[in-house]
Amino acid sequence: QVQLVESGGGSVQAGGSLKISCSASVDTYMGSCIAWFRQVPVKERDGVAAIYTDRGQPYYADSVKGRFAVSQDNAKNTVYLQMNGLKPEDTAMYYCAAELGSVCSAYRWHNEREYYYWGQGTQVPVSS
């Protein structure tokens, strides 16, 4: 059964750091493109970062480059998003998504339509 579970969200002050996790079932994790998206009310989900679990190749949105880092722990079937230098505009619900058996497309990884499986999300409010 495909399952993605996010955790680690919570309130943080501007300039602070937070690390959120996406735990996947084994058959979801291996050889998949796993991405982080974020969404604020009345807006579409935006791609933040992605990683192809077989090679660890990361991809980032311009808005988070140099501040966020995506990583993985194969022993735990978990992908992380380390968020540093948080800004109030980073406030959002953060979701992880997976496309099984697929590399991350350098051109489409940030498109939510590339992913079939989604977690329930974890809220990250950043106060000024």
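Because the structure is predicted, anything quoted here is derived from the model rather than measured.
- Cluster annotation: L18 is connected to V64 through the hydrophobic network of ILVMFWY side chains, with a link wherever side-chain heavy atoms come within less than 4.5 Å.
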Would you tabulate the side-chain donor-acceptor contacts of residues 79-87 under 3.5 Å, counting partners in other chains and residues two or more places apart, or write 'none'?
| from | atom 1 | to | atom 2 | distance (Å) |
| --- | --- | --- | --- | --- |
| Q82 | NE2 | N84 | OD1 | 2.9 |
| N84 | OD1 | S17 | OG | 2.9 |

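- Counting only distance, with no hydrogens or angles, the side chain of S102 and the backbone of E99 share no donor-acceptor pair below 3.5 Å.
- Atom CG of residue D90 and atom OG of residue S63 lie 7.5 Å apart, to the nearest 0.5 angstrom.
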Quick one, C96 with Y117, criterion side chain to side chain contact (heavy atoms under 4.5 Å, CB included). Give me CA distance, side-chain angles, the key distance, then yes/no. CA-CA 9 Å; C96 68; Y117 300 102; over 6 Å; no

Run R38 and Y95 through side chain to side chain contact (heavy atoms under 4.5 Å, CB included) and show every step you take. CA-CA 6 Å; R38 63 187 181 186; Y95 298 91; over 6 Å; no

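- A donor-acceptor pair is defined here as one N or O able to donate and one able to accept, closer than 3.5 Å; no such pair exists between the side chain of T78 and the backbone of D73.
- Rounding to the nearest 0.5 Å gives a distance of 12.0 Å between CD1 of I51 and OG of S32.
- Under a 3.5 Å cut-off, the side chain of S105 and the backbone N or O of Y107 do form a donor-acceptor pair.
- With sequence neighbours left out, the side chain to side chain donor-acceptor pair (under 3.5 Å) criterion links K19 to no other residue.
- Clustering ILVMFWY residues whenever any of their side-chain heavy atoms sit less than 4.5 angstrom apart, transitively, puts I34 in a cluster other than the one holding Y115.
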Under the side chain to side chain contact (heavy atoms under 4.5 Å, CB included) criterion, do V70 and Y60 qualify, and how do the steps go? CA-CA 8 Å; V70 61; Y60 297 100; 3.5 Å; yes

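- Y116 and L4 fall within the same hydrophobic cluster, where Ile, Leu, Val, Met, Phe, Trp and Tyr residues are linked whenever their side-chain heavy atoms come under 4.5 Å apart, directly or through other members.
- Evaluation of the ring-ring contact (aromatic ring centres under 6.0 Å, His included) rule for Y94 yields no partner, not counting sequence neighbours.
- Considering only residues two or more places apart in sequence or on other chains, E112 meets the side-chain contact (heavy atoms from CB on, under 4.5 Å) condition with F37, E44, R45, W118.
- Expressed to the nearest 0.5 Å, how far OG of S7 lies from CD1 of I20 amounts to 8.5 Å.
- No side-chain donor-acceptor contact under 3.5 Å links R108 to the backbone of C104.
- Hydrophobic clustering (side-chain heavy atoms under 4.5 Å, transitive across Ile, Leu, Val, Met, Phe, Trp, Tyr) keeps F68 apart from M93.
- Residues forming a side chain to side chain donor-acceptor pair (under 3.5 Å) with N74 (at least two apart in sequence, or on another chain): Y29, Q72.
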Check: residues 119-128 side-chain donor-acceptor pairs under 3.5 Å, at least two apart:
| from | atom 1 | to | atom 2 | distance (Å) |
| --- | --- | --- | --- | --- |
| T122 | OG1 | G9 | N | 3.0 |
| Q123 | NE2 | A92 | O | 3.4 |

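- At distances below 3.5 Å, not a single donor-acceptor pair connects side-chain atoms of S21 with backbone N or O atoms of E6.
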